[in-house]
Amino acid sequence: MDHQPRVRPYRRSDRDGVADVCVRTAHNGGDARDVYPDQQLMPTLFAAPYCHLEPELAFVLDDGRGGVGGYVLGTADTERFVLDFRSRWIPRVADRYPPLPGPPTTPSEEMIGLLHRPERMVLPELKAHPAHLHIDLLPEWQRRGYGRQLMHTFLTALHERGVPAVHLGMVTVNTAARAFYDRLGFQPIPVPDPGPLTYLGRDTALAP
């Protein structure tokens with residue numbers, strides 16, 4: 001039996017593996033388990049809604065034994081995704097993460113505040129890049145070409161759907177991620193007052 005790592009479409013059975021990768025890469029690219037005690041919080045914002053709402057645009061790095069070493073996921077249409085997030089995703093998780101009664105006072109509360117403000121994803125400067133994505137790899141799978149494979153798979157899927165361009169928002173201090181995106185042809189998108197994020201975008205067509 002072939003046990004080689006490979007990029008493949010997401011399956012429902014990958015849910016816990018995707019969540020684990022998300023948590024272990026959610027703090028500026030590093031492990032977030034000590035920052036956010038609830039291990040489901042970060043996946044509830046940044047991974048699970050994509051797998052639920054647009055599973056056809058979710059791909060994983062299978063470690064060769066059925067485990068998840070990384071993933072890329074996203075949406076073809078950010079404006080539509082925000083509407084679906086508001087109407088279809090928040091009701092699924094609001095019992096566990098209700099709206100805050102006041103301003104956030106902890107890192108976890110800051111994330112819960114973001115959960116209830118999906119409209120923050122829609123910015124006029126990003127309109128020409130309607131799709132957006134999240135890509136994460138565990139450290140042992142980085143710098144081995146798998147990130148490029150995941151990204152190419154995702155870009156191809158968008159291109160086949162007629163989506164012209166994609167964007168992402170990355171934590172500016174994660175310089176290793178920025179170098180990776182630069183190598184893949186992403187360019188900065190100026191956004192006023194971006195906070196801790198840098199926005200990058202590119203078209204979905206791959207060079208021959």
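If you're wondering where the values come from, they're calculated on a predicted model, not measured in any experiment.
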According to a 4.5 Å side-chain heavy-atom criterion applied to Ile, Leu, Val, Met, Phe, Trp and Tyr, with indirect links allowed, do [X] and [Y] form part of one hydrophobic cluster?
{"X": "L114", "Y": "M170", "result": "yes"}
{"X": "L123", "Y": "V82", "result": "no"}
{"X": "L83", "Y": "M121", "result": "no"}
{"X": "L115", "Y": "V23", "result": "no"}
{"X": "L206", "Y": "L150", "result": "yes"}

Rounded at 0.5 Å granularity, tell me how far [atom1] in [X] sits from [atom2] in [Y].
{"X": "T44", "Y": "D38", "atom1": "OG1", "atom2": "CG", "result": "7.0 Å"}
{"X": "R96", "Y": "Q40", "atom1": "CZ", "atom2": "CD", "result": "5.5 Å"}
{"X": "Q187", "Y": "D203", "atom1": "CD", "atom2": "CG", "result": "10.0 Å"}
{"X": "T204", "Y": "H129", "atom1": "OG1", "atom2": "NE2", "result": "10.0 Å"}
{"X": "L168", "Y": "L200", "atom1": "CG", "atom2": "CG", "result": "5.0 Å"}
{"X": "H159", "Y": "T156", "atom1": "NE2", "atom2": "OG1", "result": "8.0 Å"}

Under a 3.5 Å distance rule, please check whether [X] uses its side chain to pair with a backbone N or O of [Y] as donor and acceptor.
{"X": "R92", "Y": "D95", "answer": "no"}
{"X": "R120", "Y": "R117", "answer": "yes"}
{"X": "D14", "Y": "R11", "answer": "yes"}
{"X": "D63", "Y": "G67", "answer": "yes"}
{"X": "E79", "Y": "D77", "answer": "no"}
{"X": "D62", "Y": "G66", "answer": "yes"}
{"X": "R86", "Y": "H116", "answer": "yes"}
{"X": "T198", "Y": "T172", "answer": "no"}

Within the 4.5 Å heavy-atom criterion, are [X] and [Y] side-chain neighbours or not?
{"X": "Y10", "Y": "L73", "answer": "no"}
{"X": "F81", "Y": "P49", "answer": "yes"}
{"X": "P130", "Y": "V163", "answer": "yes"}

For [X] and [Y], work out which heavy atoms get closest and say how close.
{"X": "A165", "Y": "A128", "answer": "CB-O, 3.5 Å"}
{"X": "A26", "Y": "M42", "answer": "CB-CE, 3.9 Å"}
{"X": "L41", "Y": "M111", "answer": "CD2-CB, 3.9 Å"}
{"X": "E109", "Y": "P103", "answer": "OE1-O, 4.1 Å"}
{"X": "C22", "Y": "F46", "answer": "SG-CB, 4.3 Å"}
{"X": "H167", "Y": "L126", "answer": "NE2-CD1, 3.5 Å"}

**Prompt:** Does the side-chain contact (heavy atoms from CB on, under 4.5 Å) test come out yes or no for V68 and D20, once each step is laid out?
**Reply:** CA-CA 9 Å; V68 178; D20 180 62; over 6 Å; no
**Message:** One pair to check against side-chain contact (heavy atoms from CB on, under 4.5 Å): R202 and Y181. What are the steps and the verdict?
**Reply:** CA-CA 10 Å; R202 60 157 290 168; Y181 296 129; over 6 Å; no
Which atom pairs, donor and acceptor, lie under 3.5 Å between side-chain atoms of residues 131-145 and protein residues at least two apart or in another chain?
residue, atom, partner, partner atom, Å
H132, ND1, T78, OG1, 2.8
H132, NE2, Y50, OH, 2.6
H134, NE2, Y50, OH, 3.1
D136, OD1, T25, OG1, 3.4
D136, OD2, Y71, OH, 2.8
Q142, NE2, L137, O, 2.7
R144, NH1, E140, O, 2.8

Can you give me every donor-acceptor pair (side chain of residues 52-61, partner residue at least two apart or in another chain, under 3.5 Å) with its distance?
residue, atom, partner, partner atom, Å
E54, OE1, A76, N, 3.2
E54, OE1, R80, NH2, 3.2
E54, OE2, T75, OG1, 2.3
E54, OE2, R80, NH2, 2.9

**Item:** Sequence neighbours excluded, every pair satisfying salt bridge (charged side-chain N to carboxylate O under 4.0 Å, His left out) that has a member inside residues 161-188
**Value:**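 Non-adjacent pairs meeting salt bridge (charged side-chain N to carboxylate O under 4.0 Å, His left out): R178-D182.
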